[in-house]
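Inspection log for the structure reproduced underneath, given as structure tokens.
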Amino acid sequence: MEAQKKQLDEKQFNALITLLDDEDPEVSEHVWTRLSAMGQEGLDRLEAAWEVQEDPAMQARLEDAIAKLHLKEVGRELLDWRKGGGKDLLRGWYLVSRYQFPELEYQKYRNEVNRLVNKTWLELNGRMDANQKLRVVNHILFKMEGYGPNSSRPKFPNNSYLNYLIDQQEGNVMSLALLYLLICRQLDLPVYGVLLPGYFILMYKDERQEFFIDVYNGGKTFNKARLKGYLKQVNVEENASFFKPTSNIYIILRLLEQLAVDYDRNDKPEKAQEIAEILRDIEITF
């Protein structure tokens with residue numbers, strides 16, 4: 001792959017992109033193999049070529065190539081993240097967000113999460129119990145910072161993205177809980193994600209106690225009996241997975257699934273299909 005990158009000088013690259021609309025399947029496959037092998041470099045060079053291109057038809061072909069290559073690159077990066085164990089939840093969320101916002105800067109949002117963590121940490125002390133600490137998290141995030149649900153557009157796909165949540169201070173069930181979870185983890189609070197059918201909650205669990213947190217409803221806490229009652233109310237059969245933590249990987253997979261559903265609900269089937277393609281690329285056994 002590295003050798004392929006080095007072989008493509010400017011002249012060769014320009015010759016390659018002139019073949020983007022070639023009707024010969026073998027030629028087309030060759031072009032996409034070479035471009036895919038270049039990864040982010042290929043994207044950067046396609047974008048540079050688009051900027052100086054004066055032929056509208058060629059510009060359109062380059063735009064299509066950029067979109068396809070970007071989709072593959074997002075899928076590849078998420079696959080690498082998953083193969084690495086999905087240890088950095090923020091990184092996984094950032095990679096999903098790059099699907100819609102390719103120019104997203106990771107460090108900007110890493111810094112903002114750190115700011116929220118530091119602001120919360122200053123209000124905590126060792127004499128507080130679990131509920132008191134979580135009330136501080138709630139106060140900082142929902143009262144002082146003004147985060148909350150996007151009640152006017154609850155199914156808006158952008159609600160799921162890292163940058164939209166932080167820039168607008170509003171999001172959906174998944175994004176609000178993800179931010180809350182990231183803050184708690186950096187504060188060494190034993191909080192975990194729990195996936196329910198159509199919903200996402202958090203769990204506080206240490207050696208003495210266990211309870212659940214509904215971030216979408218202001219961080220309200222409830223016990224296992226209440227969760228069982230909720231499942232019965234919505235006619236969902238109990239499953240052991242509904243009462244225990246889930247992994248970062250499955251949280252990100254659910255986030256992608258939610259995005260596909262929301263794009264479909266917003267009459268954007270082509271985007272729903274692209275998200276489904278990313279899911280196919282990363283839902284593997286290894």
Side-chain angles (χ1 to χ4, degrees), residues 86-97 106 108-124 128-151 154 156 158-196 198-206 209-224 226-227 230 242-256 258-259:
K87 297 177 183 178
D88 186 341
L89 180 59
L90 179 62
R91 183 75 183 179
W93 190 9
Y94 160 77
L95 292 175
V96 171
S97 303
Y106 175 79
K108 173 183 176 181
Y109 296 96
R110 170 78 276 173
N111 291 344
E112 180 59 17
V113 172
N114 290 343
R115 184 188 70 80
L116 293 170
V117 170
N118 291 335
K119 187 172 183 177
T120 307
W121 177 79
L122 289 172
E123 302 298 323
L124 300 177
M128 292 179 172
D129 63 22
N131 281 290
Q132 289 172 325
K133 290 178 179 178
L134 292 176
R135 281 198 289 270
V136 170
V137 177
N138 293 344
H139 179 71
I140 297 292
L141 196 60
F142 303 127
K143 299 298 184 182
M144 296 186 69
E145 294 290 330
Y147 280 88
N150 184 350
S151 54
F156 183 40
N158 284 7
N159 288 335
S160 291
Y161 294 123
L162 167 65
N163 55 313
Y164 185 85
L165 174 71
I166 289 181
D167 293 344
Q168 303 299 324
Q169 281 82 51
E170 61 181 15
N172 58 19
V173 172
M174 289 291 295
S175 60
L176 286 166
L178 279 172
L179 181 58
Y180 196 103
L181 178 57
L182 287 165
I183 292 170
C184 288
R185 284 184 177 178
Q186 285 191 230
L187 292 169
D188 293 324
L189 297 174
V191 174
Y192 310 91
V194 177
L195 293 172
L196 301 177
Y199 210 67
F200 184 50
I201 60 174
L202 302 182
M203 167 192 279
Y204 182 98
K205 181 179 176 64
D206 61 21
Q209 61 185 323
E210 172 186 312
F211 56 86
F212 301 92
I213 309 163
D214 185 355
V215 177
Y216 197 67
N217 284 296
K220 291 181 179 179
T221 58
F222 56 98
N223 59 22
K224 191 172 184 178
R226 181 69 64 86
L227 176 54
Y230 165 77
F242 301 160
F243 304 94
K244 63 182 182 181
T246 194
S247 70
N248 290 346
I249 290 172
Y250 282 103
I251 290 172
I252 292 302
L253 289 175
R254 170 65 72 82
L255 184 66
L256 286 164
Q258 184 61 53
L259 270 169

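Only heavy atoms go into these numbers, but all of them, side chains included; no hydrogens, no water, no symmetry mates.
For the pair Asn138 and Val215, the minimum side-chain heavy-atom distance is 4.5 Å or more. Residues Asn159 and Pro149 form no side-chain contact, since every pair of their non-hydrogen atoms from C-beta on lies 4.5 Å or further apart. No side-chain heavy atom of Ser97 sits under 4.5 Å from any side-chain heavy atom of Tyr164. A heavy-atom distance below 4.5 Å is found between the side chains of Leu90 and Leu162. Looking at heavy atoms from C-beta onward, Lys119 lies in side-chain contact with Met144 at the 4.5 angstrom threshold. Counting only heavy atoms from C-beta outward, the side chains of Ile140 and Val136 approach each other to under 4.5 Å. Residues Phe200 and Leu195 form a side-chain contact, since some pair of their non-hydrogen atoms from C-beta on lies under 4.5 Å apart.
Of all heavy-atom pairs spanning Lys205 and Glu210, the tightest one is NZ-OE1, 2.9 Å. Minimum heavy-atom separation, Ile251 to Met174: O-CE, 3.5 Å. Nearest heavy-atom pair, Leu196 versus Tyr230, reported as atom, atom and distance to 0.1 Å: CD1-CE2, 4.2 Å.
With respect to Tyr109, the side chain to side chain contact (heavy atoms under 4.5 Å, CB included) criterion is satisfied by exactly one of Asp167, Asn114, Leu179, Leu165: Asp167. Gln186 pairs with exactly one of Val117, Leu181, Leu116, Asn118 by the side chain to side chain contact (heavy atoms under 4.5 Å, CB included) rule, that one being Val117.
Remark: Tyr180 OH to Leu189 CG distance equals 8.5 Å, nearest 0.5 Å. Remark: Leu202 CG to Leu134 CG distance equals 9.5 Å, nearest 0.5 Å.
Distance alone, capped at 3.5 Å, places no donor-acceptor pair between the Asn150 side chain and the Glu170 backbone. At least one donor-acceptor pair closer than 3.5 Å links the side chain of Gln132 to the backbone N or O of Asp129. Side-chain N or O atoms of Arg226 include none that pairs as donor or acceptor with a backbone N or O of Thr221 at under 3.5 Å.
Judged by distance alone, the side chains of Tyr94 and Asp88 never bring a donor and an acceptor atom under 3.5 Å apart.
Judged by a 6.0 Å distance limit and a 45° cone about the ring axis, Lys224 is positioned over the six-membered ring of Phe243.
Using a 30° and 60° split on the angle between ring planes, Tyr204 and Phe211 fall in the parallel class, below 30°.
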